[in-house]
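Side chains are part of it too, since the values below use all heavy atoms of this structure and drop only hydrogens, waters and symmetry mates.
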Amino acid sequence: MSTLSPGLRPPPVRPPVPAAPEPRAARLRLSPADRDVLWLYLLTRISLWITAHFARWLFPAQSGVRETAPVLAPFQHWDANHYLHIARDGYFPAGAGPWTSGWDNREAFFPGYPFLLRAVHTVVPDWTAAGLLISLAAGAVAVLALARIARAYLPEEGAGHRTVVLFLLSPCAVFLAAGYTEALFLAFALPAWLAAMKHRWALAAALTTLGTAVRVSGLFLAAAIGLLFLLSVRAGGGSRAWRSAGWTLLPALPPAAYSWYLHAHTGDWMAWKHAQERGWYRTFHTPWEAWANTWTGAFGGTQSTGYAFMFQAELAAMLVGLALVALLVRRRRWPEAVYVALSLWALGTSYWYTSVPRATLLWWPLWIGLAALSLRRPWFRTVYLCVAAPVTTLVALTFLTGRWAG
């Protein structure tokens with residue numbers, strides 16, 4: 001669902017060089033550029049909340065109703081409910097589990113977000129409000145880190161601001177505000193990448209470890225940072241740099257601990273993966289089979305128009321991802337290419353594609369590359385906004401009115 005021009009070129013290869021240590025206070029201080037990014041972020045949140053408010057008046061779940069849904073009802077859909085149930089009741093309440101009829105396959109979701117949701121709920125009584133607060137704070141951290149990464153990659157003035165604009169107006173940006181894991185994952189992943197660029201391997205590993213507690217995508221990030229570490233050593237890190245090699249293994253601990261926990265309750269080390277297969281058709285299929293099945297859902301007349309549109313969006317997002325990987329490989333941005341390629345492999349080897357458009361939010365090289373293109377070719381920004389604005393609004397309304405799944 002994202003727009004990728006054939007003329008896109010990722011940022012020039014500029015191997016990260018460890019910066020001189022700076023005082024902690026300086027690292028935490030917000031620059032004027034940072035404050036501009038935060039203002040932009042706040043304004044887009046307000047815009048989205050206004051959209052949600054009017055959506056519950058204009059697009060009620062049933063026709064003819066005379067009372068609007070609760071204020072937070074537009075955000076109480078799908079995965080947000082799964083996380084709420086885990087945070088409130090645990091993974092296996094009252095002995096229920098995969099052996100129970102009608103089981104919701106909640107073990108498919110990693111525990112990082114539900115644990116944090118439960119903690120915030122002790123202060124914020126409403127579960128949905130607690131989830132929105134997490135996403136609001138995490139999104140602010142994520143856009144700050146994204147802007148700083150963009151400024152490190154691109155020499156043009158305003159690169160960070162431009163990257164954040166394109167990111168926050170991307171088609172699936174509504175999921176950054178909902179009670180989903182995208183914002184929280186990026187709040188760990190982007191600072192981790194920023195730390196790795198500065199060769200602060202221990203910090204990068206610690207942040208990536210938090211990311212792997214939230215999403216399996218954290219393992220893809222760990223692989224990319226591991227490759228970045230190897231490339232930095234090869235480029236002249238010396239034997240002293242190898243002392244930090246052990247940190248690259250740290251992110252494997254949360255998935256391993258979660259697998260151990262699930263095995264203790266179900267006897268299945270891969271219970272989270274099998275739950276995804278049962279609930280979301282994530283059984284392994286070859287990439288061409290997955291493409292063919294998704295194409296049939298999109299254009300074969302086998303689905304209602306709503307579902308067909310979703311499958312079309314999945315195909316478009318997959319093409320964007322493949323083009324992005326090809327361009328990153330061409331420019332020898334190997335770590336970034338590994339990160340996106342692993343994501344595409346995980347999403348592109350199911351029965352059919354699921355959640356690929358949402359995954360574009362996690363591909364920060366895409367947004368930096370699009371920003372680079374728009375800075376060098378001003379007309380592209382206008383084209384992007386003219387295409388993205390209606391699509392982003394449509395996706396937001398589809399989600400907020402409970403129609404996202406078709």
When rounded to the nearest 0.5 angstrom, what distance separates [atom1] in [X] from [atom2] in [Y]?
X: Thr283; Y: His274; atom1: OG1; atom2: NE2; value: 11.0 Å
X: Trp352; Y: Glu289; atom1: CH2; atom2: CD; value: 14.0 Å
X: Tyr353; Y: Trp295; atom1: OH; atom2: CH2; value: 11.0 Å
X: Leu324; Y: Leu319; atom1: CG; atom2: CG; value: 12.5 Å
X: Arg381; Y: Leu166; atom1: CZ; atom2: CG; value: 8.0 Å
X: Leu361; Y: Leu176; atom1: CG; atom2: CG; value: 5.0 Å

Considering all heavy atoms, the nearest [X]-[Y] contact:
X: Trp404; Y: Cys172; answer: CH2-SG, 4.4 Å
X: Pro287; Y: Trp345; answer: CG-CZ3, 3.8 Å
X: Trp367; Y: Ser170; answer: CH2-CB, 3.2 Å
X: Ala204; Y: Ala196; answer: CB-N, 3.8 Å
X: Leu186; Y: Ala142; answer: CB-CB, 3.7 Å
X: Phe110; Y: Ala213; answer: CB-O, 3.5 Å

4.5 Å side-chain heavy-atom contact, [X] and [Y]:
X: Trp269; Y: Leu262; answer: no
X: Asn105; Y: Gln276; answer: no
X: Trp334; Y: Val329; answer: yes
X: His285; Y: Ser350; answer: no
X: Thr266; Y: Phe92; answer: yes
X: Ile225; Y: Met197; answer: no
X: Leu40; Y: Val165; answer: yes
X: Thr398; Y: Leu394; answer: yes

Hey, is Glu156 close enough to Arg162 for a salt bridge, meaning N to O under 4.0 Å?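 Answer for the salt bridge query: no.
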Crowded around [X] [atom1]? As in, over 12 foreign heavy atoms under 6.0 Å?
X: Trp39; atom1: CH2; answer: no
X: Trp363; atom1: CH2; answer: yes
X: Tyr261; atom1: OH; answer: yes
X: Phe115; atom1: CZ; answer: no

Would a distance-only check, ignoring hydrogens and angles, find a side-chain to backbone donor-acceptor pair under 3.5 Å from [X] to [Y]?
X: Tyr339; Y: Ala223; answer: no
X: Tyr384; Y: Ser374; answer: no
X: Arg151; Y: Gly160; answer: no
X: Arg333; Y: Pro365; answer: no
X: Ser135; Y: Ala178; answer: yes
X: Tyr258; Y: Phe109; answer: yes
X: Asp34; Y: Ser31; answer: yes
X: His265; Y: His263; answer: no
X: Thr212; Y: Leu219; answer: no

In sequence, state the C-alpha distance, the side-chain angles, and the governing distance for Leu228 and Trp201, and then conclude on side chain to side chain contact (heavy atoms under 4.5 Å, CB included). CA-CA 10 Å; Leu228 184 61; Trp201 304 114; 4.2 Å; yes
So Glu336 and Tyr153, side-chain hydrogen bond (donor to acceptor under 3.5 Å, both in side chains) or not? Walk me through it. CA-CA 12 Å; Glu336 295 92 329; Tyr153 275 50; 2.6 Å; yes
Taking only residues at least two apart or on different chains, which pairs with a member in residues 83-92 satisfy side chain to side chain donor-acceptor pair (under 3.5 Å)?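 Pairs touching residues 83-92 that pass the test: none.
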With side chain to side chain contact (heavy atoms under 4.5 Å, CB included) as the test, would you mind laying out the steps for Val216 and Trp272 before giving the verdict? CA-CA 10 Å; Val216 70; Trp272 63 270; 3.9 Å; yes
Enumerate the salt bridge (charged side-chain N to carboxylate O under 4.0 Å, His left out) contacts for [range], please, sequence neighbours excluded, ordered by first and then second residue.
range: residues 245-273; result: Lys273-Glu277
range: residues 77-87; result: Asp79-Arg358
range: residues 278-288; result: Glu107-Arg278

With side-chain hydrogen bond (donor to acceptor under 3.5 Å, both in side chains) as the criterion, how do Thr296 and Asn293 come out once you've worked through the C-alpha distance, each side chain's angles and the decisive distance to 0.1 Å? CA-CA 5 Å; Thr296 300; Asn293 292 334; 5.4 Å; no
Acceptor/donor pairs from residues 50-60 side chains to any protein atom, 3.5 angstrom cut, sequence neighbours excluded:
unit_1 : atom_1 : unit_2 : atom_2 : d
Thr51  : OG1    : Ser47  : O      : 3.0
His53  : ND1    : Arg56  : NH2    : 3.3
Arg56  : NH1    : Thr68  : OG1    : 3.0
Arg56  : NH1    : Ala69  : O      : 2.5

For a side chain to side chain contact (heavy atoms under 4.5 Å, CB included) check, start with the C-alpha distance between Thr44 and Phe167, then their side-chain angles and the critical distance, and finish with the verdict. CA-CA 11 Å; Thr44 57; Phe167 173 67; over 6 Å; no
Out of Trp78, Phe75, Phe185, Tyr180, which one pairs with Phe175 under the ring-ring contact (aromatic ring centres under 6.0 Å, His included) rule?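 Considering Trp78, Phe75, Phe185, Tyr180, a ring-ring contact (aromatic ring centres under 6.0 Å, His included) with Phe175 is found only for Tyr180.
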Quick one, Val395 with Phe399, criterion side chain to side chain contact (heavy atoms under 4.5 Å, CB included). Give me CA distance, side-chain angles, the key distance, then yes/no. CA-CA 6 Å; Val395 172; Phe399 174 81; 5.5 Å; no
Check whether the side chains of Thr181 and Arg215 place a donor and an acceptor atom closer than 3.5 Å, and report yes or no.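 Yes, a side-chain donor-acceptor pair sits under 3.5 Å.
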Kindly list each side-chain donor-acceptor pair under 3.5 angstrom involving residues 123-133, sequence neighbours excluded, with atom names and distances?
unit_1 : atom_1 : unit_2 : atom_2 : d
Asp126 : OD1    : Thr128 : N      : 3.0
Asp126 : OD1    : Ala129 : N      : 2.8
Thr128 : OG1    : Gln76  : NE2    : 2.8

